[in-house]
2 protein chains.
Amino acid sequence: MTPRTPRPRERGIPEATVARLPVYLRALQALNERGTPTVSSEDLASVAGVNSAKLRKDLSHLGSYGTRGVGYDVDYLIYQISRELGLTQDWSVAIVGIGNLGRALANYGGFGTRGFRIAALLDADATVVGDKVAGLSVGHIDTLEAVVGEEAVSIGVIATPAAAAQGVCDRFVEAGVTSVLNFAPVVLNVPPGVDVRKVDLSIELQILAFHEQRKSDGHAGPEWAGPVEGPA
Amino acid sequence: MTPRTPRPRERGIPEATVARLPVYLRALQALNERGTPTVSSEDLASVAGVNSAKLRKDLSHLGSYGTRGVGYDVDYLIYQISRELGLTQDWSVAIVGIGNLGRALANYGGFGTRGFRIAALLDADATVVGDKVAGLSVGHIDTLEAVVGEEAVSIGVIATPAAAAQGVCDRFVEAGVTSVLNFAPVVLNVPPGVDVRKVDLSIELQILAFHEQRKSDGHAGPEWAGPVEGPA
DNA sequence: TAGATTGTTAATCGATTAACAATC
DNA sequence: TAGATTGTTAATCGATTAACAATC
């Protein structure tokens, strides 16, 4: 009753690969702007900051888009990665919490550019509502449900204080949003089917502090494996 | 009353574990504020958003800080994780690029609180230099080397436009900074021994877009094997 | 063809998870 | 003791890497 894998090309791109595709895309766009028509895995990997074996393995999950002996056509690979990432359509984004961070996000180039469209900026603070930010007028948080419905928002960005984040998230989810990007330092609870990604400054700092401490700590680099031991 | 840490414990905590320790720490601090004296791996895992097997495995890399049949002492575990992460000392941080993002970072609670100290805010724009942000006066980028030396800055935060990031990074590294947190959308080149962590809004958005697309795509969940494709 | 470079294989490494003996 | 929960084991899963046959 269970037919086997129906397709020759097995999909299901590994999560680690998905996380690197945007990096490759950015590197390719930089090459494209410099007018480079074609690039080898070695060169692209170097620009993207990975090794070439990993790059080729990653790209092989998308299909065979290179030419042996030649490399990859930059334009074509940009298109293929964009398509795979879902950037050939526009996703509507709503940002809640228009403090410094929300403003930084709204003004961030990455949003306006291909693939995303800011549908609304919302805040709970009446003194902020009505401000012009990145060419948009800040709306009141009470309009969240209406905006999500009318503008078909599929990605909600939370840039509120920690205490408000879960409440905003619940409202997003209830209104039909299925992807959330959370900048507030809390773990959000969401039902199955909703994706949450978290960007957390203090976690990044703490990870750096850990490694920084290791560097001082007797200066044992990444290679340190414990005391000298003889063969078993 | 037994000797608590009998031996130096084999070091070399897995990277994946290090990345979760800050999450556990935050969860423990929340429990602590609610006055919870003791917590089981099951409960702590639930607050931190992981499963309990992973939590116990992670904590086992630090040592045996729990009590069978009882759980973990919240205060004690906070202390042990803080120590492991290097948060029992203060790390000096300099932030370069005091636009909206830099201001958001400077005002972010996670900085001021235990473990980190903002030593300087720097910008290249003369109209920004002298501004008061988070109680500090913004300095000129030309003072970077002096500030890093005098304030013993060990973590550099880059919140500049992409085009300026590598140059600022080089100056940090040359001045002796060995950890960099980069918010600019570029891959930074650093010599061995320097750690770079990257926070990249547009990458996070693109990863969400990928999963969002999969949800629409015939609603096939993780198993979807792709559309029919033509011959190569 | 000869040289270059991909796409794939297979080995290795690291992370996750369930299960349970140890032990409070 | 009896119940609860840790810390560890071992199986599994997923990611990385080097090497090279395929092939442009």
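Just so it is clear: chains get the letters A, B, ... in the order the sequence lines come, proteins before strands, and each one is counted from 1. Since the model is a prediction, treat every value here as computed from it, not as a measurement.
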Near DNA chain C, which residues from residues 38-47 of chain A have a heavy atom under 4.0 Å away? A:Ser40, A:Ser41

Just N and O in the side chain of [X]: are any of them under 4.0 Å from OP1 or OP2 of [N]?
X       : N      : value
B:Tyr65 : D:dT5  : no
A:Tyr72 : C:dG7  : yes
B:Arg56 : C:dA19 : no

What is the distance, rounded to the nearest whole Å, between atom [atom1] of [X] and atom [atom2] of [N]?
X       : N      : atom1 : atom2 : value
A:Lys57 : C:dT9  : NZ    : P     : 8 Å
A:Asp73 : C:dT6  : CG    : C1'   : 15 Å
B:Asn51 : C:dT16 : CG    : C1'   : 8 Å
A:Glu15 : C:dG14 : CD    : P     : 21 Å
B:Leu55 : C:dA18 : CG    : C1'   : 15 Å
A:Asp58 : D:dT16 : CG    : P     : 7 Å
A:Arg20 : D:dA15 : CZ    : P     : 9 Å
B:Leu62 : D:dT6  : CG    : P     : 14 Å

Kindly indicate, with the supporting measurements, whether the criterion side chain to side chain contact (heavy atoms under 4.5 Å, CB included) is fulfilled by A:Leu59 and A:Ile81. CA-CA 9 Å; A:Leu59 293 183; A:Ile81 294 179; 4.2 Å; yes

Check against side chain to side chain donor-acceptor pair (under 3.5 Å), B:Arg83 and B:Thr88: CA-CA 5 Å; B:Arg83 194 175 51 78; B:Thr88 49; over 6 Å; no

Ring centres under 6.0 angstrom apart (A:Tyr65, A:Tyr72): no

For DNA chain C, the dot-bracket pattern of Watson-Crick and G-U pairs whose distances stay under 3.5 Å, | for other-strand partners: ..||||||||||||||||||||||

Side-chain atoms of A:Arg68 come closest, of D:dA21, D:dA10, D:dG7, to D:dA21

Nearest to the side chain of B:Ser60 - D:dT17, D:dG7, D:dC24? D:dG7

Can you name the nearest heavy-atom pair linking B:Thr160 to B:Ala184, along with the distance? O-CB, 3.6 Å

Both B:Lys54 and A:Val70 contact DNA chain C. Which one's nearest nucleotide lies toward the 5' end? A:Val70

B:Lys215 with B:Glu212: basic N within carboxylate O range, under 4.0 Å: yes

Looking at A:Asp90 and A:Arg117, is any side-chain nitrogen of the basic one under 4.0 Å from a carboxylate oxygen of the acidic one? no

Would you say the side-chain atoms of [X] pair up with the backbone N or O of [Y], donor to acceptor, closer than 3.5 Å?
X       : Y       : result
A:Ser40 : A:Asp43 : yes
A:Asp75 : A:Tyr79 : no
B:Trp91 : B:Gly86 : yes

Counting neighbours of CD on B:Glu15 that are heavy atoms of other residues, nucleotides or ligands and sit closer than 6.0 Å, is the number greater than 12? yes

When all nucleic acid strands are considered with a 4.0 Å heavy-atom cut-off, which category describes B:Ala53: base, sugar-phosphate, or nothing? base

